[in-house]
Amino acid sequence: MLTALGGRCPAAQTGAVQTPRFAAFAGLAAAAVALGVAEVVAILTGATTSPLVSVGGVVIDAVPASVKDFAVAVFYTYDKLALQVGTLLILAVFAAGVGILATRRMVYGYAGIGLFALVGAAAALTRHDAPWYAFVPTLVGAAAGAGVLRWLLVRPPVQTIDERRVFLRAAGGTLAAAFVAGLTARWWATRRGVQADRAAVRIPAVPDTAAPLPPQADAGLPDLAPFVTPNKDFYLIDTTLVVPQVSPDDWTLRIHGRVEKPLTLNFKELLARPMIERYVTLACVSNDVGGGLIGNAKWQGVRIADLLDEVRPKAGADQVVSRSVDGFTAGTPTALLRDGRDAMLAIAMNGEPLPIEHGFPVRMVVPGLYGYVSATKWLAELELTSFADFDAYWIKRGWAREGPIKTQSRIDTPRDGGNPAAGPVTIAGVAWAQHRGISKVEVRVDGGPWQEATLAAVPSIDTWRQWTLRWTATPGRHRLTVRATDNGGDTQTEAVAPPDPDGATGWHSVQVDVR
Ligand SMILES: Nc1nc2c(c(=O)[nH]1)N[C@H]1C(S)=C(S)[C@@H](COP(=O)(O)O)O[C@H]1N2
Ligand SMILES: [Mo]
């Protein structure tokens, strides 16, 4: 029957007649137009999110669930470019496939674009605070894409060199135009992002200030991590394709779920609450022994415990799920947030409003826990639930439900592979056991005895601690090894474990060739 229809209008009803190569190219052009047009329409309708980014986000969230090792390798390194290129490649392969399918039957092509649009619309609509019309850019984009697919494929097959030129010019030109339009729109959206909003934030004065830094907190040695990590050097880890732009004017926090008295706060109301200011060292569970996914900052914000007291969690609400505007979730034990530690909704980092990439306008900071179970950036809601009822983002992907930071230490100077001159050398580094505190750091040269390092002063048990040890270096190759002990008397284990599932263990060591 379809063949009969096809008899009347072969190309439109059954399929187009181009060779697979041209069809794949047409599919790419159609996808580029769909995404480019959607991007432009999104900007025109005032959406803060881009369809490409939404679809990319779905791709990212879908892939690691099934391919866990891939997730570990790709998503926990902070190579955003790899993430973006990878997403584009997946989309390109899909688009080329849709083009080829369309040559079998045009309807298949439309169905492929429809599927694409469905994912895009769903992604846009399920974002936090998405307006009801969030699907419109995707819809318009998909319609434009379908039109382009038809225009490129439903024409006589490319046979002569001349036809080939016409086709390539049409498809290539369309693709390039869509690309430029999309990029321009994106550039424009980023430019009118929330930088100005951030600059306008006035950080309220805090009566409850951080303990002043002890004068000897920082040895100030070259190569040694400074006690306070400057914002621009602070490590970055997240699953977003582009940094969410959340204006304080639109920001609200909903605290809900298993509570007696749900609460919604806007940014002004949050700023009006009593605040604390504390030094807290954040660490990523993916940090390898000796790695740099750790940083220390002075944070200012509102105590989470105060907010929980106010909403009154119901019995059994043993988990607080923090959710970001882009759907990332972290699950933190309710009891731990109320045990007296300085867990906060932070609005400032080292005296400035939160940098946009570190979660502006509001993020969580919880002393003692790895970031993936506590440090939600671009915070949108806190939901009281139970661990039995919900697994947060990385838990679904195989990481441990609980993420207390393990005791660790690192040698910063001399560097691995360094060539210090013989004679007196200062070995130095940092050690951390957040919320337990560091009581001892020891260093071993080659197979020698453990020597106790001098510990720098710290404002609290929630930060890392610098340490130094004078060593009289003798010419030749040496291995320096460090280990730390926490205030509970537990020395970090020598047993080597990878970051997955709950944090790396083992002793850090460096090899030096003394001149
Ligand atoms: N919204 C959001 N918040 C997030 C994440 C994320 O992927 N999305 N990653 C978490 C992880 S794994 C870590 S280690 C910290 C890192 O915070 P930073 O980028 O400010 O250093 O943020 C946490 N908060
Ligand atoms: Mo992390």
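The chain is numbered in sequence order, starting from 1. Not measured: the values here are computed from a predicted model. Both counts, for ligands and for their atoms, begin at 1 and track the order of listing.
In terms of polar-atom proximity, T239 is counted as a contact of ligand 1, with an N or O under 3.5 Å from an N or O of the ligand. The shortest N or O to N or O distance between R363 and ligand 1 is under 3.5 Å. Inclusion of A283 in the set of residues having an N or O under 3.5 Å from an N or O of ligand 1 is not warranted. Close N/O approach between Y372 and ligand 1 is not found [any backbone or side-chain N/O within under 3.5 Å]. Not a single N or O atom of D238, backbone or side chain, sits closer than 3.5 Å to an N or O atom of ligand 1. Between I237 and ligand 1, an N or O atom pair is found at a separation short of 3.5 Å.
In summary, the atoms of ligand 1 found under 4.0 Å from a heavy atom of S324, numbered by their order in the structure, are 1 (N). Of all atoms in ligand 1, numbered sequentially from 1 with element shown, those under 4.0 Å from a heavy atom of L236 are 19 (O). Each of the following atoms of ligand 1 lies closer than 4.0 Å to a heavy atom of T376: 3 (N), 24 (N). Atom numbering of ligand 1 starts at 1 in the shown order; those under 4.0 Å from a heavy atom of F234 are 21 (O). Per-residue contacts place C284 under 4.0 angstrom from the following atoms of ligand 1 (heavy atoms of the residue considered): 14 (S).
For Q492 (side chain) and A484 (main-chain N/O), a donor-acceptor pair under 3.5 Å exists by modelled atom type. One N or O on the side chain of T281 and one on the backbone of W464 form a donor-acceptor pair closer than 3.5 Å. Under a 3.5 Å cut-off, the side chain of N296 and the backbone N or O of T463 do not form any donor-acceptor pair.
Between E357 and K377 there is no salt bridge, since no side-chain N of the basic residue sits under 4.0 Å from a carboxylate O of the acidic one. Between R363 and D238, no side-chain nitrogen of the basic residue sits less than 4.0 Å from a carboxylate oxygen of the acidic one, so the salt-bridge criterion is not met. A salt bridge links K298 with E277: at least one charged nitrogen is closer than 4.0 Å to a carboxylate oxygen. Salt-bridge formation is detected for the pair E383/R323: a Lys NZ or Arg NE/NH1/NH2 atom is positioned less than 4.0 Å from an Asp or Glu carboxylate oxygen. Under a 4.0 Å N-O distance rule, the pair R341/D462 does not qualify as a salt bridge.
A donor atom on one side chain and an acceptor atom on the other are found under 3.5 Å apart for R436 and T407.
Nearest residue to atom 20 (O) of ligand 1 from R323, M349, H358 is H358 (criterion: closest heavy atom).
Neither the backbone nor the side chain of Y370 comes within contact range of ligand 1; no heavy atom lies under 4.0 Å.
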